Amino acid sequence: MKNISERDKKHLWHPLTQHKLHPEAVAITRAKEAVLYDEEGREYIDGIASWYTCMYGHCNDYIVRKAHEQMQRLDHVVFSGFTHDVAVELSEALIGILPGNQEKLFFSDNGSTASDVAIKMALQYHFNRGKRKNVLVAFEEGFHGDTFGAMSVSGLSVYNGPFEDFFLTVERIPVPDGKNNAEVADRLKKIVSKGNVAGFIYEPLVQGAAAMKMHDAEGLNDLIAICKENEVITIADEVMTGFGKTGRNFASEYMDNLPDIISMSKALTAGMLPMAITSCTQAVYDAFYSDDISKGLFHGHTYSANPVACSVALAGIELLRSEEMQQNIQRVIGAHREFDEKMREHPKVASTRQLGVIYAMDLNVQMERYGNLRDRLFRFFMDNGVFLRPLGSTVYILAPYIVTDEQLQKIYETIERALEEVL
Ligand SMILES: *Cc1c(COP(=O)(O)O)cnc(C)c1O
């Protein structure tokens with residue numbers, strides 16, 4: 001098994017990668033708790049929880065046991081016309097922690113499909129009620145995935161150039177930052193006044209791919225209110241923010257006005273298996289409930305509600321709700337706050353922000369998103385045993401909840417050293 005990263009180059013095509021510029025991939029052979037181990041035995045603290053998935057730690061013993069038990073009992077069955085106990089138990093547990101207005105769950109495979117399902121729900125909701133509404137509203141720097149629907153409602157990106165002619169019709173508004181709230185609300189009012197807006201999709205409070213950009217809860221609350229007054233379906237994309245990261249189970253809990261639809265993935269399955277869920281209110285579901293077969297939601301994925309993925313998600317929710325995990329979340333929040341005391345005064349730091357266990361700092365330099373300095377920072381972190389993935393001039397931490405105090409200190413110290421040695 002030697003030299004996996006060399007053999008990788010022959011047949012593998014990696015996501016979000018220009019292979020000519022970035023030919024090297026680090027070969028990880030195992031992972032435990034907050035640590036990744038590469039093929040040469042080096043260790044890296046997983047400072048971004050492998051894209052915000054394994055929040056309860058890699059290869060969590062409880063999750064592994066639950067998955068193993070389920071694998072031996074029922075591996076997979078078609079979820080159209082069949083059901084199973086793990087899907088039912090998961091639905092009960094998830095509805096128990098979702099915002100109070102969520103009633104129905106629809107399964108798919110990843111965050112992008114969860115967004116696409118949400119968009120189809122919003123469009124068909126109006127269609128089924130005899131209304132043609134073909135416009136979607138989204139935030140300027142939003143990210144909702146890479147499939148066509150999800151990509152369309154994401155912020156315009158230089159990487160999406162080849163596909164823009166094929167996008168859905170989308171109106172983009174800036175995020176409310178506390179100062180521009182009234183302005184953004186006015187823009188939304190103007191857009192929805194035309195009567196053709198089907199839905200508004202947003203990442204509540206934190207935009208992950210926009211480098212953990214955060215916005216104002218009151219401002220977002222007002223935007224949701226405008227949608228409700230104008231029969232615009234609201235879609236909270238909680239693929240990144242869901243399952244405790246913002247300090248509450250879902251970021252939507254910070255607003256009084258609740259979304260009609262919520263999409264979730266990533267930490268849903270605790271970093272173990274791919275699965276996604278799009279939840280909705282009874283009212284959204286009812287618009288599809290009819291004697292007319294064509295009013296159903298004719299969308300489906302082969303692996304919908306895979307029992308093993310459901311068992312893992314169910315175990316993840318149990319862990320999230322445990323006293324121990326809640327204490328871990330508070331511990332990480334406190335540690336970030338302390339680190340921030342130092343960082344926000346640092347001459348090489350332009351600004352910092354935190355919501356829950358999500359901590360981000362903008363460095364006092366300009367650089368391209370995947371430019372040279374970003375690569376040098378990434379390399380410095382890796383050489384020092386910390387996996388962080390800077391975005392442009394932003395360094396952010398989103399470690400698993402079970403990261404130890406020592407590991408957190410090592411992440412902080414490595415960032416501080418990078419400010420001295422790389423910048
Ligand atoms: C990651 C992400 C997605 C896309 O999820 P995939 O599983 O990568 O398709 C969508 N929305 C948000 C907010 C995300 O962070």
Side-chain angles (χ1 to χ4, degrees), residues 98-104 106 114-115 117-142 144 149 152-155 168-207 214-238 241 246 248 250-264 278-290 295 297:
L98 276 167
N101 67 341
Q102 300 295 299
E103 283 296 336
K104 297 284 178 180
F106 191 95
S115 298
V117 168
I119 291 166
K120 281 173 122 178
M121 279 181 182
L123 293 172
Q124 194 180 341
Y125 170 86
H126 297 291
F127 185 91
N128 281 357
R129 298 162 88 239
K131 292 183 184 156
R132 292 236 166 220
K133 299 196 180 201
N134 61 348
V135 175
L136 296 159
V137 175
F139 281 141
E140 270 161 12
E141 290 179 87
H144 303 288
S152 297
V153 290
S154 298
L168 303 173
T169 310
V170 180
E171 294 276 356
R172 294 180 171 83
I173 57 173
V175 294
D177 60 12
K179 293 183 206 109
N180 67 356
N181 287 10
E183 234 176 282
V184 178
D186 280 345
R187 261 179 79 174
L188 180 62
K189 276 185 202 154
K190 209 174 260 167
I191 294 167
V192 299
S193 70
K194 293 180 195 140
N196 60 356
V197 176
F200 168 44
I201 185 166
Y202 56 91
E203 294 160 271
L205 302 186
V206 190
Q207 296 180 294
M214 296 179 189
H215 57 265
D216 183 56
E218 228 173 278
L220 179 56
N221 194 49
D222 292 344
L223 300 182
I224 300 171
I226 293 166
C227 290
K228 295 212 180 289
E229 286 157 19
N230 290 276
E231 278 194 73
V232 172
I233 296 289
T234 47
I235 303 166
D237 178 347
E238 295 243 20
T241 49
T246 63
R248 305 200 183 165
F250 293 90
S252 291
E253 292 169 43
Y254 283 93
M255 274 67 65
D256 291 330
N257 292 320
L258 298 176
D260 301 304
I261 296 175
I262 298 179
S263 55
M264 60 209 106
T278 306
S279 69
C280 69
T281 60
Q282 189 68 40
V284 170
Y285 179 81
D286 286 346
F288 293 73
Y289 191 77
S290 165
K295 287 196 170 170
L297 181 58

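What you are looking at is a predicted structure, and each value in this text was computed from that prediction instead of being measured.
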Using atom types as modelled, flag every donor-acceptor pair under 3.5 Å from a side chain in residues 220-228 to any protein atom, sequence neighbours excluded.
unit_1	atom_1	unit_2	atom_2	d
Asn221	OD1	Asp256	N	3.2
Asn221	OD1	Asn257	N	2.8
Asn221	OD1	Asn257	ND2	3.2
Lys228	NZ	Leu258	O	2.7
Lys228	NZ	Asp260	OD1	3.4

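- Looking at residues two or more places apart in sequence or on another chain, you find a side-chain contact (heavy atoms from CB on, under 4.5 Å) between Ser154 and Phe143, His144.
- Taking Arg129 as the reference, Tyr125, Lys131, Glu231, Ala287 meet the side-chain contact (heavy atoms from CB on, under 4.5 Å) condition, with sequence neighbours excluded.
- The shortest non-hydrogen separation linking Met255 to Ala217 is CG-O, 3.5 Å.
- For Gln102, the side chain to side chain donor-acceptor pair (under 3.5 Å) partners are Ser279, not counting sequence neighbours.
- Applying the side chain to side chain donor-acceptor pair (under 3.5 Å) criterion to Lys120, with sequence neighbours excluded, gives His299.
- Applying the side-chain contact (heavy atoms from CB on, under 4.5 Å) test to Thr169 and every residue at least two apart in sequence or in another chain returns Val135.
- Other residues, nucleotides and ligands contribute at most 12 non-hydrogen atoms within 6.0 Å of the CZ atom of Phe127.
- Between Tyr202 and Val137, the closest side-chain pair of non-hydrogen atoms is not below 4.5 Å.
- Separation of atoms CD1 (Ile261) and CE (Met121) is listed at 5.5 Å; rounding is to 0.5 Å.
- Put simply, the side chain of Asn230 never gets that close to the backbone of Val232: no donor and acceptor are under 3.5 Å apart.
- The side chain to side chain donor-acceptor pair (under 3.5 Å) test applied to Glu141 returns Lys213, not counting sequence neighbours.
- Residues Val192 and Val197 come closest through the heavy atom pair CA-CG2, 3.9 Å.
- Proximity of Ser290 to Asn128: side-chain heavy atoms (C-beta onward) are nowhere separated by under 4.5 Å.
- For Phe139, the ring-ring contact (aromatic ring centres under 6.0 Å, His included) partners are Phe200, His215, not counting sequence neighbours.
- Of the inter-residue distances, the one linking Ser152 atom OG with Leu136 atom CG reads 8.5 Å to the nearest 0.5 angstrom.
- Shortest non-hydrogen contact noted between Lys179 and Asp177 is N-OD1, 2.8 Å.
- Across all non-hydrogen atoms, the minimal contact from Lys133 to Gly195 is CE-O, 3.7 Å.
- With sequence neighbours excluded, no residue forms a salt bridge (charged side-chain N to carboxylate O under 4.0 Å, His left out) with Glu253.
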### Full working for side chain to side chain contact (heavy atoms under 4.5 Å, CB included) between Leu297 and Gln124
CA-CA 8 Å; Leu297 181 58; Gln124 194 180 341; 3.7 Å; yes

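- To the nearest 0.5 Å, the span separating SG on Cys280 from CD1 on Ile233 amounts to 9.0 Å.
- Inter-residue side-chain proximity for Ser115 and Asp237 is flagged as met; some heavy-atom pair is nearer than 4.5 Å.
- Residues Phe250 and Pro99 form a side-chain contact, since some pair of their non-hydrogen atoms from C-beta on lies under 4.5 Å apart.
- Looking at Thr278, its side chain does come within 3.5 Å of a backbone N or O of Ala114 through a donor-acceptor pair.
- By the 4.5 Å heavy-atom criterion applied to side chains, Gln282 and Lys104 are counted as neighbours.
- Remark: Glu218 CD is loosely packed, at most 12 non-hydrogen atoms of other residues, nucleotides or ligands lying under 6.0 Å away.
- Minimum heavy-atom separation, Asn180 to Pro174: ND2-CB, 4.4 Å.
- Remark: Thr281 OG1 to Ile262 CD1 distance equals 10.0 Å, nearest 0.5 Å.
- Checked against side chain to side chain donor-acceptor pair (under 3.5 Å), Ser252 has the following partners two or more places apart in sequence or in another chain: Glu238.
- The shortest non-hydrogen separation linking Leu205 to Ala251 is CD1-O, 4.1 Å.
- Within the structure, side chain to side chain donor-acceptor pair (under 3.5 Å) pairs that include any residue of residues 181-196 comprise Asn181-Asp216 (at least two apart or interchain).
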